[in-house]
Structure formats: C-alpha cells, structure tokens
2 protein chains.
Amino acid sequence: MLLKINIPISEKLFLIDPTSSRLGKSILLSAIELIDEIGFEKFTFKKLGVIIDSPEASIYRYFKSKNQLLTYLISWYWGWMEYRLLFETANIESAEYRLQRAIALITTAGDEKIEMDGADISKLHTIVISESAKSFLTKDVDKANKEGAFYNYKQFVAMVASIIKEINPRYKYPNMLLSTIIEGAHLQVFFAEHLPMLTNKQASADYITEFYKDLAFKSIKNTI
Amino acid sequence: MLLKINIPISEKLFLIDPTSSRLGKSILLSAIELIDEIGFEKFTFKKLGVIIDSPEASIYRYFKSKNQLLTYLISWYWGWMEYRLLFETANIESAEYRLQRAIALITTAGDEKIEMDGADISKLHTIVISESAKSFLTKDVDKANKEGAFYNYKQFVAMVASIIKEINPRYKYPNMLLSTIIEGAHLQVFFAEHLPMLTNKQASADYITEFYKDLAFKSIKNTI
DNA sequence: TTAAATTCGATAGTATTACTATTATATTTG
DNA sequence: CAAATATAATAGTAATACTATCGAATTTAA
C-alpha cells in the first residue's frame, strides 16, 4: 500500500512518517479496520493500542490526534484515487469517455476488493463515505487546509475539472459540479443503506453511476 | 419560535419537551448561539450551563446527550423549512415555478435575518450546513432514524419530490436529485468560504441557486 | 385545602477520553 | 564501543460525557 506506489502526503499530517517503521504501518492498517468497524466517534488510540499491542502514547508519537490520523487516511485515499484516475484515463482520446471513466471511478471505488500491503481499500472507501465530511466540517478547517490536509482531494477535483474544461471550455462550474457529484455519490451509498427515503435505489447495481453521469453531461453540454 | 407556529418534533428527540419550560427554551436559544460560535465538537453542556446559569445536569434532564440536542435543532430546522415551503409555493399554479421557488428556498435559507422567539434562524442555518452531516453519518443512524430524528428532513424531501413528479411523472430519481441538491448546496456555501478550489464562486450572489436550478431542470426534463 | 404525587433543578459524584511529561530501552553513528 | 539519537513504555492530568441522588417547588386529587 504505502511502499509499492508512493502516494505523497503532506508532512504536516503526521509527527513521524508512519510508512517509515513497522509500528507506523500497523497503526495505519489496524486504524482502517477499527474505524470501519466501530466508527470514528468510538475510535480511540487506546482501543487501537490494544489491537496492535502498543500503548496509546506510542501512537501519539506518530499522530498528534485521532483527527490527524483520519485526515492522513483520507488524504491517502485521494492520492490513491488520483493514481487510479491516471490509469483509468490513460491512452483514451475522447474527453467525454475519460469523464465517464472518472465518474464511474468515483461512484464504484468501494466495490472492488483491492488490497495494498494489507490495507483493505474498500474499507477505506467506507471510511471516506462516512467520515470525510467530519474531517473538513470543523472550525479548524482553515488551519488543516494550510497544512495540506485536502491537497490530494483538491488535486483530484482539479484533474477531473480539466477534463470537463476540455469538453466545454465555456462551462463555468467544473469544480462545483465535481464536488457535488463526489459528495453526492458518497451520500447516496449511505442513504441507500440507512435512509432509503432520501434516495431512489434501483434494481441495477450501477444506478448511482448512471445518475451522476447523466447529471454531469447534461449540465456540461448546455452552458448556463 | 417554538410557540407561535407549532413545529412537530418526535417525542424521542428529548426527555422533557424543551418548549414546555423557561429553562428548556433558554437551552434551545443559547445552544444555537453557542454551537454556531464554537462548533459542535467544542460545544459541551457544561459551557452551555455557564451561559444559561444552570448546572449541566439540568440540561441532561431535557436531552440525554449533546447529539440528541443537535438532532432536535436540525429536526426543528426542517420542520421550519417545510412551513416556509408551504408559504413559498402556495397559490402558484405552475409546478416548474414551484420547484424554482423550492430550490431558491434551499439555497438561500441562511440569507434572511429572521428571528423566531429570540432564535436566530440564520445561525441555525449555519449549524445545519456545518453539523447536520454529523448527525446522520454515525453508527447510530438506524436507531436515530427509528426515533424519528430525520422525519422532518424526509418530509421536506418528499414534498419537493412530489413537485418534481408533477413536472415529469416518469422521472426516476426525484429524492436522489433533491438530497444531492440540498447537501450539495450546503457544502458549496462552506467551500466558498473555506475551500474555494472545490467550488466556483461567482460575482453574483445567487450563483449557487442558479447552478442547482439549472442542474435540476436539465436532469428532470430529459428522462434517463 | 391539604396530603400525596410528581416535576424540577442542584450537588456531587464516576468512567472514559484525549493528551502529555518523563523515563527506560533499543538502535545508530562516529 | 561510547555517545548520540530514535523509539517505546509508564504514569500520569485535565476535561468530557454522563449518572445517581436529594431536597424544593409545583401540580394533582380527595
């Protein structure tokens, strides 16, 4: 996960680089498992310490708070998504088709059973769906932003936005459309499971993908 | 606020009805002020107690947790929005025009300086933008849902969805479109202030309204 | 109208959480 | 191999979220 492809993470998102030691790596891997299992609210360094058989103070040497650890994991996720996007859109001429691939990637990233160095990507995806809003909807958002917490997310949005600009250079809202699609797609997955009246679940597995593809292309094609 | 128009709140969202006593009402009013000021993470019953000059245990007699209090406030907000929607769409023949009004209501609800019995609605709107995702993105969402925590929100979505069904009875995604618009519009306000690279802020004040109106009508008109 | 029942708010707690200061133990380096 | 450095463990603390209990005030019912 953290070695084979090198995903850049801001140095301000950790105290000691967790990829640089055995303990650091087991913190990351077990944190994904535990947050996925019990949710970020109930997640504590003490509980994580029991699982990896280290005292909580050792974890504090790597991350100064559980919020910083969550931010690290989400930043890693978007770095990984950027990497996936490059692969998914490589060697494809048509900007339209590249955008379709990008939206499909956003809406189905959790479906695949991918493991990188023991980290379960689909569990990380679940964490991103349920917890990522909490990482930016805080009073500390400006400070976190300065520390590069959302760099990889913004980078991903910028990359897909540039595809939209290729399709329609006059379209004024590429970033707005994308953040709407990304956050919307994540919420629909959650709603389908827990609050079905807030979505319209369909028989076909890819209805979320189809909905947001349709939304994107209709919005882009005819300029407001 | 809590008397003049009677907004129905599930009985499971409080221990003692806060509208039934002086203390209860001051809990609600001061909670809006304090959560808006310091954010929900740093909000505690102890701090609220200092402001209203009552011990925290007295607040616990009304709400069993600070989460329950937040859920109450958000539920009240959506009850109020339902009331506003009825007013905004009353006596208007055209379903298209009613939908336009509904979207404008969603995207501009925080702009007006309305006070109801001392409660600042625009501060409540800010709270809904920053904190409402936290009220449902938890492991307890199913329990909260059973207790009617999201009843008013779902009701609001259902009401606007029925307008969409009037415009195009064959449209398959009215609820999905609406939750996308509502949560999206809230996020864009937040992004414009804190993470501008995730949106496309424009000179005109109503660009968010225009964007989502355009998105809605394009999506509804041509069925997928 | 007065005793019983109930509501209400205050006091004084507890377990847990998030985090830190300090010390002990490896590991690396010159 | 000794000094410097990195790493981890111990033992804390302040604050948080919440509870059990008690006395006073209010309401209800005979």
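All chains are named by letter (A, B, ...) in the order of the sequence lines, taking the proteins before the strands, and each is independently numbered beginning at 1. FYI, side chains are in, hydrogens and waters are out, and symmetry mates aren't considered; it's all heavy atoms of this structure. Everything quoted here is computed from the prediction, not taken from an experiment.
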For [X] and [N], give me the distance from atom [atom1] to atom [atom2], rounded to whole Å.
X: B:Ile16; N: C:dG9; atom1: CD1; atom2: P; result: 7 Å
X: A:Leu69; N: C:dA18; atom1: CG; atom2: C1'; result: 14 Å
X: B:Lys25; N: C:dG9; atom1: NZ; atom2: P; result: 12 Å
X: A:Ile59; N: D:dT7; atom1: CD1; atom2: P; result: 16 Å
X: A:Phe63; N: C:dT17; atom1: CZ; atom2: P; result: 20 Å

Exercise. Take nucleotides 9-17 of chain D nucleotide by nucleotide from the 5' end and write B, S or -, depending on whether a protein heavy atom sits under 4.0 Å from the base, only from the sugar-phosphate, or from neither.
Key: BB-----SS

Quiz item: With sequence neighbours left out, what residues match A:Glu37 under salt bridge (Lys or Arg N to Asp or Glu O under 4.0 Å)?
Solution: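 By the salt bridge (Lys or Arg N to Asp or Glu O under 4.0 Å) rule, A:Glu37 matches no residue at all.
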
Quiz item: Got B:Phe211 and A:Leu177 here, is their nearest side-chain heavy-atom distance under 4.5 Å?
Solution: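 Yes. Closest side-chain heavy atoms under 4.5 Å.
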
Quiz item: Would you say the side chain of A:Phe63 lies within less than 4.5 Å of the side chain of A:Ile16, judging by non-hydrogen atoms?
Solution: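 A side-chain contact is absent here, since even the closest heavy-atom pair is not under 4.5 Å.
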
Quiz item: Does one side chain, of B:Tyr212 or B:Thr180, offer a donor that lies under 3.5 Å from an acceptor on the other?
Solution: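 The criterion, which ignores hydrogens and geometry beyond distance, is not satisfied for B:Thr180 and B:Tyr212.
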
Practice problem: Quick one: list whatever passes side chain to side chain donor-acceptor pair (under 3.5 Å) with B:Asn145, sequence neighbours left out. | Solution: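 Applying side chain to side chain donor-acceptor pair (under 3.5 Å) to B:Asn145 gives B:Lys154.
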
Quiz item: Taking 4.0 angstrom as the limit, do B:Glu41 and A:Lys134 come out as a salt bridge?
Solution: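 Here B:Glu41 does not pair with A:Lys134 in a salt bridge, since their nearest N and O are not under 4.0 Å apart.
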
Quiz item: Counting only side-chain N and O atoms of A:Tyr62, is one of them less than 4.0 Å from OP1 or OP2 of D:dA8?
Solution: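 For A:Tyr62, the contact criterion (side-chain N or O under 4.0 Å from OP1 or OP2 of D:dA8) is met.
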
